[in-house]
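Note: hydrogens, waters and symmetry copies are ignored here, and every other heavy atom, side chains too, is used. Chain identifiers are assigned alphabetically (A, B, ...) following the order of the sequence lines, protein sequences preceding nucleic acid strands; residue numbering begins at 1 within each chain. In this text the structure is predicted, and so the values were computed from the model without any measurement.
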There are 2 protein chains.
Amino acid sequence: MESERTSEVVADSLIKEIRGNYLAIGATLPTERELCDRFSASRPTIREALRIMEFKGYLRQASNKRPVAEKPTIQKILKYTAENLKEILDDTDSQAYLEQMRQFIEVGALRTVIESSSEVNLARIHKALVECHQAIGNQKTFAEADIAFHRAIVKVVDNPIMLNLHDMFIRNLLFSRPPVSDQNEHDTMVYQEHKSIYEAILRKDAEAAMAVMNQHLHRSYKIRLQVPSVE
Amino acid sequence: MESERTSEVVADSLIKEIRGNYLAIGATLPTERELCDRFSASRPTIREALRIMEFKGYLRQASNKRPVAEKPTIQKILKYTAENLKEILDDTDSQAYLEQMRQFIEVGALRTVIESSSEVNLARIHKALVECHQAIGNQKTFAEADIAFHRAIVKVVDNPIMLNLHDMFIRNLLFSRPPVSDQNEHDTMVYQEHKSIYEAILRKDAEAAMAVMNQHLHRSYKIRLQVPSVE
DNA sequence: AATAAATTTTTGTCAAACAAGATTAGAAAA
DNA sequence: TTTTCTAATCTTGTTTGACAAAAATTTATT
């Protein structure tokens, strides 16, 4: 029978306080010496407990500063996961694997939209489509509208894990988008693809919707893999 | 400018050794006192470093035992993620969200099979189908063959993250499978669904394949949500 | 060779101390 | 009275040295 380290016991206890809202998010934790008194433990043991809490996402503490209570969020957990995966897989590989996942999520979400989407959700997708149209030619605004269109589709699934995964992927996309030579031409083409997707949604044509979405996602991803020119 | 804690520096250094294969997986780490000498740090600081490494997945150490080098694997990272998500989401919710993800993965993989699968992969799916047929009536063997059929499809994607996610889901499925009243009837129905999927794959009918797969996955999941009887 | 006992080593934790950075309180200036 | 500056105090980061209990190794016995 394995006994648990005192540091684990202390960390678990403090985590319960945070999760039970006895310690507010952003609130400074009691000093190490206060925690020593409270838990009848030594300071090195308390410090170990604080490290444990930090890695479980319940604490944030810059060096030489007071520790602050936090709670893990879906976003943080997924971000941490992606970083860990990046560390053990080749960086390019892990990126491609995660992009593939994003595509599966988007295509799956599209199918959900077609099978069982409410009027509210359709209205949201339509609004996103209109905003794409209005943003044609403006690189920044169009990028955001482009992303919002995809997000509106994934949001229909009502699954916070997938939505956060999608948001995480989108963050990466925003930062790695290559420049396009003709903004208007590019935006118009993307808008046409969105429009085709939306129309297929309306007539509940799953096959057409998914074919266009697949093409749209692959083309969009391939832009980032284009052959460097020899200038 | 934030200085890094000595414990972080030590942890990072040891992690580099493990990742560079200077420390073999499963090998016992140097004693704490040896590490103190090597890094010119105090023992409490080394112990903090060991906790950090433990939570980054590079160390395993039961209480009162020697620490042992490990490496994170995709499986471990994903398992850790699932546990964390379970903690911050309602348990039932997180299960359902993850199940939804599995379904997206399977449907997306099916599409990949239809669009671009090799003869080798088709042969593997066919083999799994045949093994389903042979296992009809034997609960344990059929369950395994059922799972192997799905795995053969996901394996086509050649994405280790998704395959490990799928394996993780499958592990849960195995443990939570409810009993069926008529094994033969159940197995035959499942086999028929697998057969329909396979046939749709052969004739590259994406819509049909995905419709059956969707039905198959939903029905399979709903068995676990059946209304308790009033005996 | 196998088992038991004795010895040594190691982990887990403690207390006390000091250095450096962060925070607070009090005094001085505007 | 308010603002700024300085000194004092507090807190984190880390060290040293110690002890208890468990684990590992060595030695002795069968």
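- As rounded to whole Å, 15 Å separates atom P of D/dA24 from atom CG of B/Leu29.
- Picking from C/dA17, C/dG12, D/dT15 the nucleotide with the shortest atom distance to the side chain of B/Arg43 gives C/dG12.
- Listed for the A/Arg51 side chain is no donor-acceptor partner under 3.5 Å among the backbone atoms of B/Ala49.
- Protein atom CD of B/Gln61 is 16 Å distant from nucleotide atom P of D/dA22, rounded to whole Å.
- Comparing B/Thr31 and A/Ser7 by the nucleotide of DNA chain C whose heavy atom lies nearest to each, the residue mapping closer to the 5' end is B/Thr31.
- Regarding B/Asn64, its CG atom lies at a distance of 7 Å from the C1' atom of D/dA21, rounded to whole Å.
- Taking the charged nitrogens against the carboxylate oxygens, B/Arg38 and B/Glu17 do have a contact shorter than 4.0 Å, which makes a salt bridge.
- Take A/Asp90 and apply the side-chain hydrogen bond (donor to acceptor under 3.5 Å, both in side chains) test, not counting sequence neighbours, and it matches no residue.
- Looking at A/Glu106 and A/His166, their side chains do bring a donor and an acceptor atom within 3.5 Å of each other.
- Here A/Ser40 lies in heavy-atom contact (under 4.0 Å) with sugar-phosphate atoms only.
- One atom, CD1 of A/Ile46, and another, P of D/dT11, lie 15 Å apart when rounded to the nearest Å.
- Taking the salt bridge (Lys or Arg N to Asp or Glu O under 4.0 Å) definition, one finds that A/Asp187 meets it with nothing, sequence neighbours left out.
- Summarising the geometry, the separation between CG on A/Asp37 and C1' on D/dT11 is reported as 14 Å, rounded to the nearest angstrom.
- Across the protein-nucleic acid pair, B/Arg66 atom CZ and C/dT8 atom P stand 18 Å apart, rounded to whole Å.
- When the side-chain nitrogen and oxygen atoms of B/Arg47 are compared with OP1 and OP2 of C/dG12, one or more of them lie within a distance under 4.0 Å.
- The residue B/Pro67 sits close only to the backbone: its heavy atoms come under 4.0 Å of sugar-phosphate atoms, none of a base.
- Minimum atom distance to the side chain of A/Lys65 is reached by C/dA22, of the listed C/dG12, C/dT10, C/dA22.
- Between the CD atom of B/Glu32 and the C1' atom of D/dT15 there is a distance of 15 Å, given to the nearest Å.
- Taking 4.0 angstrom as the limit, A/Ser42 places a side-chain polar atom (N or O) nearer than this to OP1 or OP2 of C/dC14.
- Across the protein-nucleic acid pair, A/Glu34 atom CD and D/dC10 atom P stand 12 Å apart, rounded to whole Å.
- Considering only side-chain N and O atoms, B/Thr45 lies under 4.0 angstrom from the phosphate OP1 or OP2 of D/dT15.
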